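First the structure, in the form of structure tokens, and then the observations on it.
Source: prediction; values computed, not measured. Proteins get letters first, then strands, A, B, ... in listed order; numbering begins at 1 in each.
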Protein chains: 2
Amino acid sequence: MTTSEPGDAKRPTRRSSNPTVHDVALEAGVSPMTVSRVLSGGKNVRLEVQERVARAVETLGYHRNENARSLRPGHRSGLVGVTITNIANPYYAEMLRGVEEIASAHGRRILVGNSNEDADLEKQLVADFIGRRVEGLIVVPSSAGDAAHLQLERLGGVPVVLASRAVGGVSADTVLIDDVEGARTATAALLAEGHRRVAYLGQRSVFTGRRRLEGFTVAHEALELTPDEELIRVGQQDVGSAERAMTELLDLADPPTAVFSANNRNTVGAIRAIVARRRATAGTGAGGGGDDIRVAGFDSFDFADIAPVRLSIVDHDAGDLGRRAAAMLFDRLDGGAQPVEPRVLELPVTLRDLF
Amino acid sequence: MTTSEPGDAKRPTRRSSNPTVHDVALEAGVSPMTVSRVLSGGKNVRLEVQERVARAVETLGYHRNENARSLRPGHRSGLVGVTITNIANPYYAEMLRGVEEIASAHGRRILVGNSNEDADLEKQLVADFIGRRVEGLIVVPSSAGDAAHLQLERLGGVPVVLASRAVGGVSADTVLIDDVEGARTATAALLAEGHRRVAYLGQRSVFTGRRRLEGFTVAHEALELTPDEELIRVGQQDVGSAERAMTELLDLADPPTAVFSANNRNTVGAIRAIVARRRATAGTGAGGGGDDIRVAGFDSFDFADIAPVRLSIVDHDAGDLGRRAAAMLFDRLDGGAQPVEPRVLELPVTLRDLF
DNA sequence: CTGTTAGCGCGTTCAG
DNA sequence: CTGAACGCGCTAACAG
């Protein structure tokens, strides 16, 4: 044993490291336990002693070690894990803010990870979060790969809320937006105006994309129409590829007269293509394609209301999505007795004409 | 050797709680220490035993408790705290993604808090983060209130990197973008085109706002001009108020012929006002204000390149800001011997004409 | 190659 | 009103 200091103190007064209750106790001339008591409200401690301790805390710049604290039985970590497929996406950023707002109100902090649509990465994140003893998880599930790691049993009983997307085979609390209805309404509006060649710009591999394509199809079927496969373009992830896809559509022998776009990246790309075409054919009197194309799209964006096309937007509040998901989680965490079976919430959307 | 248990187990086999090394050890028929060894690479453990342990881990759904782990001396928490004035702002969202990317590459997770431009909230967040033993902090300092809590001494030696904004009186690593130069260049471009009544839309209370206004002023002074105070509008936080401010400017007896806007909210608002005015005076031949106003603004946005005005944009990469800030932090954390004095990095911007 | 001991910072339990 | 002891989960350091 033998660090064997001459004046051997049990604790060799470490300057560099963080001060502990012990250090504060020394400084205040009391026992660690008294410090602990003061820190948790000061019940049963003389006022004078409380002040002495408070002063010591101040002098030493003491911060109670939450990690050590959460080690005690019964104590919770105060942490919630959030994994998002792309933090930089303004939509999810707003969702994240909603989550943070509610978590904060419930005295929790959020650990945030970016899964980049990669199920393996997501799995690692979740495992790490559980290792840090998060009390719950909010997950925007990645579209690619297996999702077995989200099974409740695999999570060691940590409750999870799926946001924005559901996952096949995983039964958990889920908050979605009404993708099908939004897409259906928007498409129906285009068809009602008489358009019969309506293009679809979006995804098919992502959950929301599938649902929005379904709404697009359903709207057609309600009028006993069948969407032309040639007009369905999927897989564009960014504005650039969306613009190219739209340009291709405009170049068709029988181009669309309207387009429904399943997300704002595609909407912006489509409008760019339309504007570019309009400029190109400006003086020619050709009128070839770009003019008076009607657009409807999911999700708003900065300039939606002064876009130079006739535009309708399927609106919904990402912040609300985050708040609802968080509320659902804390309902399980803090609420009393909960129903065991998972709940699915589908948030409504509204169609807004911007012309 | 004493499993020593007729009746009394030291550990009463808790089903509900998370399994521990102890539980895994029991399941695998080894000691906790062996489990620990396997978990940290399996050095000096027979392969057969490793497999047995691995199986036990799998069966029990064991996750190593990182909080307990980080309690051991020398061990670090693997956490970095990030406070942002507004997570939902796409600009900061992208910055956050940059931070996450680098943190992830360095094996750290990020704790994220929203300060909402409130110094008190920011202080609480920072205190809480330190309580959780974050290894470092990345802070977008709030504009309102005192910032004493960001002093290195108050932080108990936890390194902090200030991002996007500096703070008076706080000397810490800082990553800024070149606000002054960006604003100067953009304004100079307008003046070079002959404009003599150039408006300013932005802030004065926020650090970046002050710097951008400075650039605006400097550009004028370089030509021995003085900006007209009447054309300087500050305090608009959102698109709506920016639009109103711009409308007021257009209503002046001697309206501006160009406008420099210090952020994208203001730019979008300005363009809206201009477009609205243009529409209102369309048939009248009055030409009153809205037409051919020239715009230059800080920060890009969705539709910048098809905006219906002559527009220039001061561009910079928020993701890069985040990556640089994080890199600076990890330079101190993981890099060997570091310079003690704080470093300030000013990222360049570029002016881009979109017409 | 494997197990035992001890203690990281904190707070509950029980004595004084 | 205050303090001592114990253990939360984990892993260096030291036996064996």
Inter- and intrachain pairs under side chain to side chain donor-acceptor pair (under 3.5 Å), touching residues 93-104 of chain B, at least two apart:
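Passing the test, one end in residues 93-104 of chain B: no pairs.
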Which heavy atom in [X] sits nearest to a heavy atom in [Y], and how many Å separate them?
{"X": "B:Arg132", "Y": "A:Asn67", "result": "O-ND2, 3.2 Å"}
{"X": "A:Gly98", "Y": "A:Arg323", "result": "O-CG, 3.6 Å"}
{"X": "A:Ala25", "Y": "A:Ser31", "result": "CB-C, 3.6 Å"}

Among B:Val82, B:Leu137, B:Val158, which one satisfies side-chain contact (heavy atoms from CB on, under 4.5 Å) with B:Phe129?
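So the option named by the test is B:Leu137.
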Nearest-Å distance for atom pair [atom1]/[atom2], residues [X] and [N]:
{"X": "B:Asn18", "N": "D:dC10", "atom1": "CG", "atom2": "P", "value": "9 Å"}
{"X": "B:Asp23", "N": "D:dC8", "atom1": "CG", "atom2": "C1'", "value": "13 Å"}
{"X": "A:Arg132", "N": "D:dC10", "atom1": "CZ", "atom2": "P", "value": "14 Å"}
{"X": "A:Asn67", "N": "D:dC10", "atom1": "CG", "atom2": "P", "value": "14 Å"}
{"X": "B:Ile130", "N": "C:dG9", "atom1": "CD1", "atom2": "P", "value": "16 Å"}

Does a side-chain N or O of A:Thr34 approach OP1 or OP2 of D:dT2 to a distance below 4.0 Å, or not?
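Checking A:Thr34 against D:dT2: no side-chain N or O falls below 4.0 Å of OP1 or OP2.
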Where the side chain of A:Asn116 meets the backbone of A:Asp118, is there a donor-acceptor pair that is under 3.5 Å apart?
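No: the side chain of A:Asn116 does not pair with the backbone of A:Asp118.
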Are the side chain of B:Glu117 and the backbone of B:Thr85 linked by a donor-acceptor contact shorter than 3.5 Å?
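The answer is no, because no donor-acceptor pair under 3.5 Å joins these two groups.
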Rounded (10°) bend between the five-pair end axes of the helix from C:dC1-D:dG16 to C:dG16-D:dC1:
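Roughly 40°, once rounded to the nearest ten degrees.
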Residues B:Arg55 and B:Glu51 bridged, charged N to O under 4.0 Å:
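A salt bridge is absent here (no side-chain N lies under 4.0 Å from a carboxylate O).
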At under 4.0 Å between heavy atoms, which parts of nucleotides 10-15 of chain C does protein reach? Answer with one letter per nucleotide, 5' to 3': B base, S sugar-phosphate only, - none.
BBB---
